[in-house]
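Working notes for the structure below.
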Amino acid sequence: MNENKLIEEYWRDCCENNFSKETTVLFFYLLYRYRRDRQEIISVNPAALLSLVSGYTVTAMKAASEELQSRGYVEYTPANESCTSGKYRFLKTGTVKKGK
């Protein structure tokens, strides 16, 4: 994954069709975790993420996850009864969908 190209595409897309603040925070948090852990699949427990970012709700973070997925930045699998962490995987650049 070319991280710099992905960031450039994200900001270009944001200029044309704004992302929510929650989506932007989630995008850069996932990028941070990808750079730190160097693992293709990033597991994020919603409660742990919300403890880092005050004022955001589980609903807002779920919507941010879905927005990143619908716009082609990540593949997202939500947490469920058997797994308390959501799973994210960055998609390769060039798959980003412009606008909604």
Side-chain angles (χ1 to χ4, degrees):
M1 175 174 84
N2 183 328
E3 298 161 29
N4 290 332
K5 185 175 179 184
L6 185 64
I7 292 168
E8 287 176 22
E9 286 184 33
Y10 181 87
W11 286 123
R12 192 174 311 113
D13 193 15
C14 192
C15 284
E16 295 172 11
N17 304 288
N18 277 343
F19 285 101
S20 69
K21 63 185 175 194
E22 293 87 356
T23 302
T24 299
V25 167
L26 179 59
F27 175 80
F28 283 99
Y29 178 72
L30 292 172
L31 191 60
Y32 157 75
R33 289 282 308 275
Y34 175 81
R35 286 177 171 168
R36 184 189 76 181
D37 301 338
R38 288 294 174 197
Q39 295 188 9
E40 185 176 344
I41 304 294
I42 304 160
S43 297
V44 177
N45 182 297
L49 178 57
L50 290 172
S51 71
L52 298 172
V53 184
S54 64
Y56 291 7
T57 65
V58 173
T59 304
M61 295 313 291
K62 183 175 184 226
S65 299
E66 291 170 353
E67 182 176 12
L68 284 175
Q69 179 168 270
S70 72
R71 290 173 75 169
Y73 289 91
V74 299
E75 180 178 276
Y76 164 63
T77 305
N80 58 36
E81 306 82 43
S82 63
C83 181
T84 59
S85 296
K87 306 263 188 232
Y88 299 85
R89 184 177 66 84
F90 278 106
L91 300 174
K92 295 189 184 322
T93 58
T95 61
V96 174
K97 299 172 187 167
K98 302 298 177 198
K100 269 187 148 177

Point-to-point distance, once rounded to the nearest 0.5 Å, from CD of E9 to OH of Y73: 6.5 Å
Salt bridge (Lys or Arg N to Asp or Glu O under 4.0 Å) partners of R89, counting only residues at least two apart: E40, E75
N2 (side chain) donor-acceptor with N4 (main chain) under 3.5 angstrom: yes
N/O donor-acceptor pair under 3.5 Å between R71 side chain and Y10 backbone: no
Residue pairs, two or more places apart or on separate chains, that pass salt bridge (Lys or Arg N to Asp or Glu O under 4.0 Å) and touch residues 17-31: none
Single-linkage hydrophobic cluster, 4.5 Å side-chain cutoff, I41 and V74 together: no
Sidechain-backbone polar pair: S65 side chain, M61 backbone, donor-acceptor under 3.5 Å: yes
Option among F27, F28, F19 that satisfies the ring-ring contact (aromatic ring centres under 6.0 Å, His included) test with W11: F28
Cluster link I42 to I7, ILVMFWY, side chain under 4.5 Å: yes
Residues forming a salt bridge (Lys or Arg N to Asp or Glu O under 4.0 Å) with K87, sequence neighbours excluded: none
For E66, all residues meeting salt bridge (Lys or Arg N to Asp or Glu O under 4.0 Å), sequence neighbours excluded: K62
Residues forming a salt bridge (Lys or Arg N to Asp or Glu O under 4.0 Å) with R35, sequence neighbours excluded: E3
Sequence-distant partners of Y32, ring-ring contact (aromatic ring centres under 6.0 Å, His included), two or more places apart: none
Y88/V44 under side-chain contact (heavy atoms from CB on, under 4.5 Å): CA gap, chis, key distance, verdict: CA-CA 8 Å; Y88 299 85; V44 177; 3.9 Å; yes
